[in-house]
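Just the heavy atoms: all of them, side chains too, but no hydrogens, waters or symmetry mates, feed the values below. Every chain is numbered from 1, with letters handed out A, B, ... down the list of sequences.
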Amino acid sequence: MDIQTVATAITESSIGTAIRTSDSLFPLIEFLHVLAITSVVGSIAVVDLRMLGIAWMRRPFSKISSEFLPYTWTAFAFALLTGGLLFASHATEYLQNPFFLAKMSLLALAALNMLVFHFVIARRAGIWDMAPRTPLAVKLCGAISLGAWISIITCGRFIGFWLDHIRFG
Amino acid sequence: MIAVLVQWLVSTRLHDLIETWPVIPLVQSVHILCVAIVLTSVCFVDLRIVGVFVRREPAAAVARRFLPWTWWTVPILLTTGAVLIIGEPGRELQNTTFWDKMLLLACALSLTAVIQWGLRGADPLWERAFWLRGVGKLLAVVSLLVWVGIVFAGRMIAYTQTGGA
């Protein structure tokens with residue numbers, strides 16, 4: 001079973017069909033997706049900016065990450081759920097959309113970056129938790145995360161434009 | 001009158017420039033990023049006032065931490081919004097959803113200013129008495145709802161457009 005067969009099955013599933021054929025479901029889920037993803041980016045940006053050493057340097061990093069990451073994860077769960085529903089409505093088309101593929105790759109990059117940070121770099125967080133500056137590796141992780149999320153928002157916006165653009169120029 | 005304004009905007013050179021692919025989706029992306037900053041910074045303050053976020057820290061301190069981000073981002077939000085209006089004036093100005101969004105935005109910004117005003121000084125207004133605490137919480141809840149409404153209206157503009165340009 002190849003990926004196109006799976007995508008076709010998803011598109012033709014009852015959930016995919018219901019969202020595609022309804023006048024209001026797609027816009028409504030889209031609104032929830034925008035709400036979720038802006039919450040993800042807004043809250044993770046606080047942590048990223050702290051990692052970059054740009055803002056809130058007087059607060060320990062551990063405090064900031066424990067304050068904000070629960071919000072990021074909750075919002076991310078909603079973004080994943082609503083994104084999955086949007087995908088199901090046009091799965092075959094999305095798989096041919098370069099911006100959708102770019103968005104998914106960037107999401108993988110953000111995830112990988114987070115794993116590296118969590119399991120390799122943050123293990124020594126005790127040393128720089130309250131330091132007036134953050135180490136280069138921490139700054140780099142913060143920059144990759146912030147860059148990835150800004151690009152994810154941009155790709156997300158371009159996904160919707162892509163079809164119109166290739167159809168109507 | 002709005003139709004005349006729309007016609008004039010469409011005739012400008014700036015309109016042609018903005019209409020060039022991919023200016024509109026790029027500006028929209030910046031606009032959404034600004035929404036993310038404003039939404040999160042206001043929401044964390046509202047959530048603190050309601051009592052579900054960093055309860056050990058005074059609400060006034062949370063406001064001092066986050067509201068500058070709101071006020072510095074609002075001008076960028078308005079500028080990118082204006083660029084999008086010049087690019088597609090009919091889509092926005094001849095659309096009731098757009099005007100609903102503007103009304104909600106005016107409410108949201110006023111609410112934020114009032115909430116912030118009540119948190120200034122050594123003895124913040126929203127912490128002075130039980131009933132004032134209640135007023136503060138009510139304003140925070142309304143503020144949260146209005147911001148959600150703004151995102152909703154913003155997304156719906158694309159689905160309710162009637163104007164051609």
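With a 4.5 Å cut-off on non-hydrogen atoms, Ala75(A) does not touch chain B at all. The contact between Phe44(B) and chain A is made entirely by side chain atoms (from C-beta outward), counting heavy-atom distances below 4.5 Å. Residue contact with chain A, scored on non-hydrogen atoms closer than 4.5 Å, involves the backbone and the side chain of Ser29(B) alike. At a 4.5 Å heavy-atom cutoff, the contact between Leu39(B) and chain A is made by side-chain atoms alone. Both the backbone and the side chain of Phe152(B) come within less than 4.5 Å of a heavy atom in chain A. Both the backbone and the side chain of Val151(B) come within less than 4.5 Å of a heavy atom of chain A. Contacts between Val148(B) and chain A at a heavy-atom distance below 4.5 Å involve backbone atoms as well as side-chain atoms. No part of Trp147(B) comes within reach of chain A, as not one of its non-hydrogen atoms sits under 4.5 angstrom from that chain. Residue contact with chain B, scored on non-hydrogen atoms closer than 4.5 Å, is absent for Ile44(A).
Options Ile37(B), Leu26(B), Val35(B) differ in how many heavy-atom pairs under 4.5 Å they form with chain A, and the most are formed by Leu26(B).
Side chains of Trp71(B) and Gln116(B): a donor on one and an acceptor on the other come within 3.5 Å. With hydrogens and angles left out, the side-chain atoms of Ser145(A) and Asn113(A) include no donor and acceptor closer than 3.5 Å. Side-chain contact check for Thr70(B) and Ser41(B): at least one donor-acceptor pair (N or O, by modelled atom type) lies under 3.5 Å.
The aromatic ring centroids of Phe100(A) and Phe87(A) lie less than 6.0 Å from each other. Ring-centre distance between Phe78(A) and His33(A): not below the 6.0 Å cut-off. In this structure, Phe66(B) has its ring center under 6.0 Å from that of Phe68(A).
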Check against side chain to side chain contact (heavy atoms under 4.5 Å, CB included), Thr17(A) and Arg20(A): CA-CA 5 Å; Thr17(A) 309; Arg20(A) 187 174 53 256; 3.5 Å; yes
